[in-house]
Amino acid sequence: MTTAWSRRALLATGGGAALALGLPTAASASDSASASASRPAASPSAVAADAADEFAALRAKWRDLYLGTGFSPTAEPFKSKLADLGTRATGYLSTMAPARGSLWPDLVHLDPEPDTDTESFNFSANMNTGYNRLRTMAEAYAQPGTGVTGDTGLRDAVITGLDHLYADVFNETTTRYGNWWNWQIGAPQALMDTCVLLYDALSDAQKANYCRAVDKFLPDSAVDSYTGTSTGANRVDLCRGLILRGIVGASTAKIARAVAALSPVFPYVTTGDGFYADGSFVQHTSIPYIGGYGAVLNDGLGRLFALLRGSTWEITDPGSRQFLDTIDAAIAPFIYDGLMMDNVSGRGITRVGSSDHTRAHGVMASIVLLGMGAGPEENARWRAMVKGWLQRDYYAPALEAGSLSLVNTARLQSLLDDTTVTASPEPSAHRVFSNMDRVTHRRRGWGAGLSMASERIAHYEFGNGENKRGWHTGAGWLQWWGDDAGLDQYSDAYWPTVDPYRLPGITVSRKRLADGQGGAWANPKPGTGWVGGTGDGEFGTTGQHLQGLASTMHARKSWFWLDDCVVCLGSGITSADGAGVETVVDNRCLGAGGTQRLLLDGVAQPTAQGWTTTRTTTWAHLDRHAGYVFPGGTELHALREERTGAWKDINDGGTYTANTRRYLTLWQDHGTDPADSSYAYILLPGASSRRTADRAKDTGWLQILANDARRTGIRVPSLGFTGVNFWAAGTAGKVTASAPVCVQIHEKRDGTATICVSDPSRTVTGLTLTWQRPVKSVLSKADSVSGVRTGSSVTVTYGDLSKSRGATHTVRVRVR
């Protein structure tokens, strides 16, 4: 049932789907012009009355968007969430003690030495937290079923708190200190949200005061240029603050200015922050961030589309339609069974209380909201996709997560209860995100994500004291998950307990690094450019010329993404750090008490903690995780250990609570200061021990064509697959390239073959590629291809590839 507190439906059900979120349609502009032309001129008083009504309507709509609609406060999970909200609000009320320099004793916002260095960050953060607590109290007052619903004492306390923060710190005479974000985004949003929730209880003078304060710290000039801290997700947040300021203060100019300032967010970018045509999303110039700032941008735009729909300020920029394409291109590839991959979440991976699952929950709700403004086919596909994620997440189901807001819970619960929607499975697909050095690979039963760094993309992000030891997350870090195991792998206190020098898949110098190596916000990048790959949507070939962070270590790493496995090769591994160099085959978190069996060449190994061994091995298998095959055998190191760490160790905002988890680590030791070392292994996610052993016995399944500092390549005859990373011009097997490129050839059972080429280094101005295979004809070719010669072999001539930003150039041929 619904409650007497039910509000108007969030979006109208009639009319075109695009109108649901205020997205432009072909007819909208002309229809609006015709209506305006036929409408008689209104008197000034009528215009003023209409404007007041429109502001009131927008305030009511924002309440709906913020508080949620269509749920029963007596049904779970809403009953418990509302009760918890009331408990938190009551707690804040009981401890609030206005005093000079603070509103709560534990939130001192008065900075004795106000400036903008990191020592002042906590003071500005405390001011922002104070506003967030007041917003929570206002929400508990406005929501039904909280136990303090409509409590005038709670309401008056919120207003007292607003007046205190205005008089004490957030006003038009204060000089900003600490972190800019708290002043321009955090505090203005929380303050204006609270003003909307308590609008009728505030005096005109109070509203004017609060608006002047926002004007001081969030002036129109904050969105004058699309640079610095006013890009991407930050720009959307700034515009949201301006729009809410306009609604609370009845300023048409503020809203119009903010809506116009959203336009630079929509187009694809070719450098810097924003969405790229290949699905990449970058923030802070060089950080892949769809799981952090990208999620904020997605949610923020979705709400603003819905808020302004049908109003004078409806968002009609044609680019807003393009934004919807990012759901499939940029967001969905990084969500697997209800989790958001860590490799696109920046420093947020080290925040206590959040995880890859919790980061995905809000994104899923945003997709449902945005679907209301998409076409019917898109909306249906997205709803089926999100429902699949909801149903398959057995580790941290979104609707059982305490961190999910009530409004998002209502949105997702409604979808889960919708019997007309059939959940869709995870797709099988390979994606290369050349503009942010990320790759995703999905097959039936498992998925993986790869994280690299280059002269374009940083090793890692460190700032605000967060992610102090994320140094090697760009060193070929290979994450993978299985449908029936592994969803907890990076969620169960992984980051405070894992050895940061032994992330799975990386090649790394054991040279000790300082916390925050490189400095806050430095976003340190290697000097290497050959990083990227190619693929045909089914299989993929990827390479990384890796240079270690603050290290002399160099390596050329390659991954070949196939049906049931990833073939991992490395070559040219050199270093002069005076430290050991390792390649980490895998490092699996086994939980607090895991004793999963490890087989080495079929022999079970001890399960005692602290056990370690080094032996020549051809295959290994870890129960309920994966199989590993080492062509020709390798000297493999294995270790079981318990590791203890606190979130505070890696994030200044973390807790001191000790977490202990068990790990099983497999690695190859290249020795101290290796000169030209290499490695080769096959990762089989979710494989049984039998399948792993069979793959090891089938020595003809994989042919390693080359693995040195000039080229790395393989051939898998049974799959018709050839992949080569040409670090320099040369020949590998039957493939010759005249320039450093990534090449993949996939022969199909229907007598066709797909030749895929990319220029990861972005330096190739001309290429001749020859494949020694009889070819009958050319079926299609990329525009970059200037000529193809067929016969007993095929030679493809390409033009300038350097400007294509690492994109794939495809030629399809019919083989003889």
Open item on the list: Tell me whether the rings of F721 and F560 are parallel (<30°), tilted (30 to 60°) or perpendicular (>60°).
Closed with: perpendicular
Open item on the list: Under 3.5 Å, is there a donor on one side chain and an acceptor on the other for W727 and D708?
Closed with: no
Task: W530 and C742, any side-chain heavy atoms less than 4.5 Å apart - done: yes
Open item on the list: Is it the case that the side chain of N707 and the backbone of G570 share a donor-acceptor pair, with hydrogens and angles ignored and the cut-off at 3.5 Å?
Closed with: yes
Open item on the list: Among L779, V815, V813, exactly one meets side-chain contact (heavy atoms from CB on, under 4.5 Å) together with T752. Which residue is that?
Closed with: L779
Task: Polar side-chain atom of R431 near backbone of V439 as donor-acceptor pair, under 3.5 Å - done: no
Open item on the list: Side chains of V282 and I287, heavy atoms from C-beta outward: is any pair under 4.5 Å?
Closed with: no
Task: Side-chain touch T440/M341, heavy atoms, less than 4.5 angstrom - done: yes
Open item on the list: Taking L636's backbone N and O only, do any of them form a donor-acceptor pair with T634's side chain (distance below 3.5 Å, no angle check)?
Closed with: no
Task: Considering all heavy atoms, the nearest P717-G700 contact - done: CD-O, 4.2 Å
Open item on the list: Side chains of T808 and T534: any donor to acceptor distance under 3.5 Å?
Closed with: yes
Task: Check: K776/T790 side-chain N/O donor and acceptor closer than 3.5 Å - done: no
Open item on the list: Using every non-hydrogen atom in the two residues, find where R443 and F539 come nearest and quote the distance to one decimal.
Closed with: NH2-CE2, 4.3 Å
Open item on the list: Ignoring hydrogens and geometry beyond distance, is a side-chain donor-acceptor pair present between S454 and D437 at under 3.5 Å?
Closed with: yes
Open item on the list: When you measure from the side chain of S320 to the backbone of D317, do you find a donor-acceptor pair of N or O atoms at a distance under 3.5 Å?
Closed with: yes
Task: Shortest non-hydrogen contact from H430 toward V432 - done: NE2-CG2, 3.7 Å
Open item on the list: Within this structure, what is the CG-OG distance for the pair D356 and S345, rounded to the nearest 0.5 Å?
Closed with: 8.0 Å
Open item on the list: Just by distance, no angles: are the side chains of T583 and Q668 close enough, under 3.5 Å, to form a donor-acceptor pair?
Closed with: no
- [ ] Decide yes or no on side-chain contact (heavy atoms from CB on, under 4.5 Å) for I745 and T754, but give the supporting numbers first.
- [x] CA-CA 6 Å; I745 301 173; T754 302; over 6 Å; no
Task: H472-H459 aromatic ring centre distance below 6.0 Å - done: no
Task: Modelled atom types, side-chain donor and acceptor of T692 and D694, under 3.5 Å - done: no
Task: Minimum heavy-atom distance D759-P740, with the two atoms named - done: OD1-O, 4.0 Å
Task: Heavy-atom closest pair, residues A423 and Q391 - done: CB-OE1, 3.3 Å
- [ ] For S689 and H621, test the side chains for any donor-to-acceptor distance below 3.5 angstrom and give the result as yes or no.
- [x] no
TODO: Keeping the roles fixed (side chain from T326, backbone from A329), state whether a donor-acceptor pair exists under 3.5 Å.
DONE: no
Task: Check: H554 and I573 side chains under 4.5 Å, non-hydrogen atoms - done: no
TODO: Find the distance between CZ (R556) and OG (S678) and round it off to the nearest 0.5 Å.
DONE: 13.5 Å
TODO: Pick out which of Y276, F281, F334 makes a ring pair (Phe, Tyr, Trp, His ring centres under 6.0 Å) with F433.
DONE: F334
Open item on the list: Side chains of N725 and S558 only: does a donor on one sit below 3.5 Å from an acceptor on the other?
Closed with: yes
Open item on the list: Distance alone, cut at 3.5 Å: any donor-acceptor contact between the side chains of T542 and W561?
Closed with: yes
Task: Under 3.5 Å: donor-acceptor pair, side chain of S758, backbone of G533 - done: yes
Open item on the list: Between V794 and V788, is there a side-chain heavy-atom distance shorter than 4.5 Å?
Closed with: yes
- [ ] Compute whether any side-chain donor of one residue and acceptor of the other, for T795 and T770, lie under 3.5 angstrom apart.
- [x] yes
Open item on the list: Show, in sequence, the C-alpha distance, side-chain angles and deciding distance for L301 and F266, and conclude whether the side-chain contact (heavy atoms from CB on, under 4.5 Å) test is met.
Closed with: CA-CA 10 Å; L301 281 177; F266 301 130; 3.9 Å; yes
Open item on the list: Please tell me whether H441 and W446 form a close aromatic pair, meaning their ring centres lie under 6.0 Å apart.
Closed with: yes
Open item on the list: Is it true that, when you exclude K697 itself, more than 12 heavy atoms of the residues, nucleotides or ligands shown sit nearer than 6.0 Å to its NZ?
Closed with: no
Open item on the list: Just by distance, no angles: are the side chains of Y336 and D483 close enough, under 3.5 Å, to form a donor-acceptor pair?
Closed with: yes
Open item on the list: Could you check whether any side-chain N or O of Q547 sits under 3.5 Å from a backbone N or O of G527, counting only pairs where one atom can act as donor and the other as acceptor?
Closed with: yes
Open item on the list: Is there a side-chain contact between Y681 and V629 in this structure, where contact means two heavy atoms from C-beta onward sitting under 4.5 Å apart?
Closed with: no
- [ ] Establish, from distance only, whether the side-chain atoms of S784 and H809 form a donor-acceptor pair under 3.5 Å.
- [x] yes
Task: D750 atom CG, neighbour heavy-atom count above 12 within 6.0 Å - done: yes
- [ ] In plain terms, say whether D563 and R444 are close enough for a salt bridge, that is, a side-chain N and a carboxylate O under 4.0 Å apart.
- [x] no
- [ ] To the nearest 0.5 Å, tell me how far R691 CZ sits from W619 CH2.
- [x] 12.5 Å
Task: E538 (side chain) donor-acceptor with L562 (main chain) under 3.5 angstrom - done: no
Task: 4.5 Å side-chain heavy-atom contact, V811 and S780 - done: no
Open item on the list: Restricting to non-hydrogen atoms, name the atom on G730 and the atom on F726 that form the minimum distance, rounded to 0.1 Å.
Closed with: O-CE2, 3.2 Å
Open item on the list: So, taking the atom named CG in L767 and the one named OG1 in T797, what distance separates them when rounded to the nearest 0.5 Å?
Closed with: 8.0 Å
Open item on the list: If the threshold is 4.0 Å, N to carboxylate O, is there a salt bridge linking D328 and R381?
Closed with: yes
Task: For D342, salt bridge (Lys or Arg N to Asp or Glu O under 4.0 Å) partners two or more places apart - done: R359
Task: Short side-chain donor-acceptor distance under 3.5 Å, K557 and Y679 - done: yes
- [ ] Decide side-chain contact (heavy atoms from CB on, under 4.5 Å) for V508 and V581; before the verdict, give the C-alpha distance in whole Å, the side-chain angles of both, and the deciding distance to 0.1 Å.
- [x] CA-CA 6 Å; V508 60; V581 174; over 6 Å; no
Task: D278 (side chain) donor-acceptor with N435 (main chain) under 3.5 angstrom - done: yes
TODO: Kindly determine whether R805 and R762 satisfy side-chain contact (heavy atoms from CB on, under 4.5 Å), including the steps that lead there.
DONE: CA-CA 6 Å; R805 306 187 61 81; R762 308 186 186 193; 3.6 Å; yes
- [ ] Would you give the length of the straight line joining atom OG1 of T763 to atom CG of L801, rounded to the nearest 0.5 angstrom?
- [x] 9.5 Å
- [ ] Check whether any side-chain heavy atom of R695 lies under 4.5 Å from a side-chain heavy atom of W701, and answer yes or no.
- [x] yes
Open item on the list: If we ignore hydrogens and angles and just use 3.5 Å, is the side chain of D586 paired with the main-chain N or O of P504 as donor and acceptor?
Closed with: no
Open item on the list: Between the side chains of R442 and E426, is the shortest nitrogen-to-carboxylate-oxygen separation below 4.0 Å, so that they form an ion pair?
Closed with: yes
TODO: Please check if any side-chain donor atom of T618 sits under 3.5 Å from a side-chain acceptor atom of D601, or the reverse.
DONE: yes
Open item on the list: Please report the interatomic distance CD1(I367) to CG(N379), rounded to the nearest 0.5 Å.
Closed with: 11.5 Å
